[in-house]
Enquirer: 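Sending over a structure as structure tokens; questions will come in a sec.
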Amino acid sequence: MNDQDTESTIQVRVKRITYEAETVNSYELVRPCGGDLPRFTAGGHIDLHLPNGLIRSYSLTNDQRERHRYVIAVNKDAASRGGSAFIHERVRVGDIVTLSQPRNNFALHENADNSILIAGGIGITPLLSMIRRLEALGRPWRLVYAARNRLAAAFLDEVNALRSKAQSNVQIDFDDERSGRVFDLPDVVRRAPLGAHLYCCGPLPMLEAFKRATADRSVDRVHVEYFQADAAIEGGFDVRLARSNRTVPVEAGKTILNALLDAGTAVNYSCMDGICGTCETRVLDGVPDHRDHFLSKDEQAANKTIMICCSGAKSRTLVLDL
């Protein structure tokens with residue numbers, strides 16, 4: 001590891017912005033003065049620190065062997081809370097932006113005999129870097145890519161080009177071209193070899209269907225990447241901060257994180273969607289209502305920690321190690 005890999009944050013310049021779909025742009029990010037960026041692995045992501053104070057996580061789509069650049073893709077969400085809309089409307093080529101070190105909660109198992117990759121919409125982004133890695137290793141893979149329509153499908157030209165690879169199997173499925181059929185995700189899972197590693201990234205309904213379809217598969221071969229938490233719990237309980245002996249009410253319309261920030265309490269956070277783990281906080285007393293997709297089921301059942309950006313409390317008071 002070199003000195004660049006020890007930086008806590010990284011300054012990068014936006015070198016190129018490319019139209020990828022009707023609401024999706026990709027952003028190529030490089031060192032302002034050239035040079036290598038910290039290493040990342042397929043399926044990894046960075047946190048983008050926006051000038052409006054928000055921090056948002058985005059998957060890296062390019063080849064992990066490329067040290068000179070990062071490439072992310074941003075979907076302009078109609079329900080944007082200020083992240084994707086800000087990037088699309090305000091970030092321009094030549095701008096300097098701040099990133100976190102790359103992290104990976106959706107790592108590729110490089111030695112798998114078979115890898116089945118299932119993408120829904122913008123969920124194609126982390127899977128692209130996985131495909132690039134599997135191609136470099138000469139490992140077999142299959143991609144199933146579902147989207148509303150062709151205009152909404154990011155990186156469609158690149159995915160179509162993959163169909164010419166003799167060792168690959170690419171299936172593209174559009175909602176408006178099925179003639180009344182539904183996307184049969186369970187059938188995709190049934191057809192996968194029993195020893196295959198299965199990866200899925202997409203909207204919550206797809207991920208829930210994927211979890212049901214893979215319920216009888218070995219848990220160490222089933223991998224899910226969430227872009228958002230389940231519906232957040234907002235308000236109606238108190239949070240007691242054990243270290244400072246303060247009680248902060250979490251009122252209606254607020255999350256624990258928002259209530260603490262409004263009360264002047266400094267806490268670590270990033271995605272605000274319960275997927276990155278940055279805001280994980282130790283629980284000393286009370287019963288959390290977990291809504292994150294970072295902790296395992298066993299970790300949630302233990303109630304030792306909570307993701308304060310999205311989860312709530314089943315008890316009237318929640319005591320946190322803050």
Side-chain angles (χ1 to χ4, degrees), residues 1-18 25-77 80-107 122 125-126 129 225-229 255 257-258 260-262 264-281 292 294 305 307-310 322:
M1 180 176 291
N2 59 32
D3 290 341
Q4 291 176 335
D5 292 329
T6 64
E7 299 168 90
S8 58
T9 58
I10 309 156
Q11 296 292 306
V12 295
R13 187 182 300 279
V14 181
K15 180 178 181 179
R16 184 177 291 110
I17 300 175
T18 304
N25 290 338
S26 65
Y27 297 79
E28 182 178 349
L29 311 171
V30 299
R31 291 269 189 189
C33 298
D36 286 349
L37 289 160
R39 295 174 178 82
F40 73 95
T41 53
H45 69 274
I46 50 87
D47 294 336
L48 185 60
H49 297 244
L50 301 176
N52 62 1
L54 295 178
I55 303 173
R56 291 292 184 264
S57 298
Y58 295 103
S59 297
L60 293 161
T61 71
N62 55 309
D63 192 318
Q64 70 177 55
R65 295 172 296 181
E66 296 180 339
R67 297 293 307 281
H68 67 288
R69 67 173 186 159
Y70 294 151
V71 180
I72 62 172
V74 180
N75 178 44
K76 187 178 182 182
D77 191 341
S80 173
R81 294 170 295 169
S84 64
F86 183 93
I87 295 170
H88 272 253
E89 296 166 9
R90 301 285 296 278
V91 174
R92 298 290 179 261
V93 170
D95 286 355
I96 300 293
V97 294
T98 301
L99 308 178
S100 70
Q101 285 277 339
R103 292 183 291 168
N104 199 336
N105 303 324
F106 192 45
I122 194 63
T125 52
S129 66
E225 174 85 321
Y226 285 86
F227 283 153
Q228 64 186 100
T255 62
L257 175 62
N258 287 333
L260 294 179
L261 293 175
D262 289 347
T265 300
V267 290
N268 293 324
Y269 67 96
S270 178
C271 70
M272 300 178 72
D273 276 319
I275 58 175
C276 73
T278 302
C279 71
E280 184 174 6
T281 303
D292 68 278
F294 182 83
T305 63
M307 300 299 159
I308 59 175
C309 68
C310 64
L322 290 171

Enquirer: Which atom names give the shortest non-hydrogen contact between I96 and P32, and what distance separates them?
Expert: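 Where I96 meets P32 most closely, the heavy atoms are CD1-CG, 3.8 Å.
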Enquirer: If you round to the nearest 0.5 Å, how far is CG of L48 from OG of S57?
Expert: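 Taking OG in S57 and CG in L48, the distance rounds to 9.5 Å.
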Enquirer: Hey, could you give me the CG/CG distance between L54 and D47, rounded to the nearest 0.5 Å?
Expert: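 Between atom CG of L54 and atom CG of D47 there are 12.0 Å.
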Enquirer: Set out, in order, the CA-CA distance, both residues' side-chain angles and the distance that settles side-chain contact (heavy atoms from CB on, under 4.5 Å) for N105 and I275, then state yes or no.
Expert: CA-CA 9 Å; N105 303 324; I275 58 175; over 6 Å; no
Enquirer: Using only atom types and a distance under 3.5 Å, with no angle test, would you say the side chain of T305 pairs donor to acceptor with the backbone of E280?
Expert: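 Between the backbone of E280 and the side chain of T305 there is no qualifying donor-acceptor contact (under 3.5 Å).
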Enquirer: Has the side chain of R13 got a donor or acceptor atom that lies under 3.5 Å from a matching backbone atom of G94?
Expert: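 Yes; judged by distance alone, with no hydrogens or angles, the pair exists.
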Enquirer: Evaluate the criterion side-chain contact (heavy atoms from CB on, under 4.5 Å) for residue pair T98 and Q11; output intermediate values, then yes/no.
Expert: CA-CA 5 Å; T98 301; Q11 296 292 306; 2.6 Å; yes
Enquirer: With sequence neighbours left out, what residues match D95 under side-chain contact (heavy atoms from CB on, under 4.5 Å)?
Expert: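 Partners of D95 by the side-chain contact (heavy atoms from CB on, under 4.5 Å) criterion, ordered by chain and then number, come out as V14, V91, R92.
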Enquirer: How many angstroms lie between atom CD1 of I46 and atom CD of Q101, to the nearest 0.5 angstrom?
Expert: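 Separation between the atoms: 11.5 Å.
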Enquirer: List in chain and number order the residues that pass salt bridge (Lys or Arg N to Asp or Glu O under 4.0 Å) with R90, two or more places apart in sequence or in another chain; answer none if no residue qualifies.
Expert: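 Scan of R90 (salt bridge (Lys or Arg N to Asp or Glu O under 4.0 Å), adjacent residues dropped) gives none.
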Enquirer: Any idea which heavy atoms bring G274 and C310 closest together, and the distance?
Expert: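 It is CA-SG, 3.6 Å.
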Enquirer: Could you state the interatomic distance from CG (L50) to CZ (R56), rounded to the nearest 0.5 Å?
Expert: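 Spacing of CG (L50) from CZ (R56) equals 7.5 Å.
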Enquirer: Ignoring hydrogens and geometry, is there a side-chain-to-backbone donor-acceptor pair from N62 to R69 under 3.5 Å?
Expert: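 At least one qualifying donor-acceptor pair exists.
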Enquirer: Any side-chain heavy atom of V30 sitting closer than 4.5 Å to one from R16?
Expert: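 No, every pair of side-chain atoms sits at 4.5 Å or beyond.
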Enquirer: Please identify which of these residues, V97, I87, V93, V71, meets the side-chain contact (heavy atoms from CB on, under 4.5 Å) condition with Y27.
Expert: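 With Y27 as partner, V97, I87, V93, V71 yield a single side-chain contact (heavy atoms from CB on, under 4.5 Å), made by I87.
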Enquirer: What distance separates L260 CG from Y269 OH, expressed to the nearest 0.5 Å?
Expert: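 Here the interatomic distance stands at 11.5 Å.
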Enquirer: For the side chain of T281 and the backbone of C279, is there at least one donor-acceptor N/O pair under 3.5 Å apart?
Expert: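 Flag set: sc T281 to bb C279 pair under 3.5 Å.
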Enquirer: Grab the two heavy atoms, one from G44 and one from N104, that are nearest each other, plus how far apart they are.
Expert: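 Where G44 meets N104 most closely, the heavy atoms are N-ND2, 3.4 Å.
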Enquirer: Checking the side chain of S129 only, and the main-chain atoms of G43 only, is there a donor and an acceptor separated by less than 3.5 Å?
Expert: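 Looks like yes, one N/O pair under 3.5 Å.
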Enquirer: Taking R67 for its side chain and L37 for its backbone only, find out whether a donor-acceptor pair lies under 3.5 Å.
Expert: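 Present.
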Enquirer: Might you work through the side-chain contact (heavy atoms from CB on, under 4.5 Å) test for T18 and E28, ending with a clear yes or no?
Expert: CA-CA 8 Å; T18 304; E28 182 178 349; over 6 Å; no
Enquirer: With sequence neighbours left out, which residue pairs that include part of residues 49-70 fulfil the ring-ring contact (aromatic ring centres under 6.0 Å, His included) condition?
Expert: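 Sorted result for residues 49-70: F40-Y70.
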Enquirer: What are the two closest heavy atoms between V74 and I72, and how far apart are they?
Expert: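 Where V74 meets I72 most closely, the heavy atoms are CG2-CD1, 4.2 Å.
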Enquirer: Hey, could you give me the CG/CD1 distance between N268 and I308, rounded to the nearest 0.5 Å?
Expert: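 Here the interatomic distance stands at 8.5 Å.
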Enquirer: For R103 versus T278, what's the shortest heavy-atom pair and its separation?
Expert: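 Scanning both residues, the minimum pair turns out to be NH1-OG1, 3.1 Å.
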Enquirer: Please report the closest heavy-atom contact between P38 and R31, naming both atoms and the distance.
Expert: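 Looks like CD-NH2, 3.8 Å.
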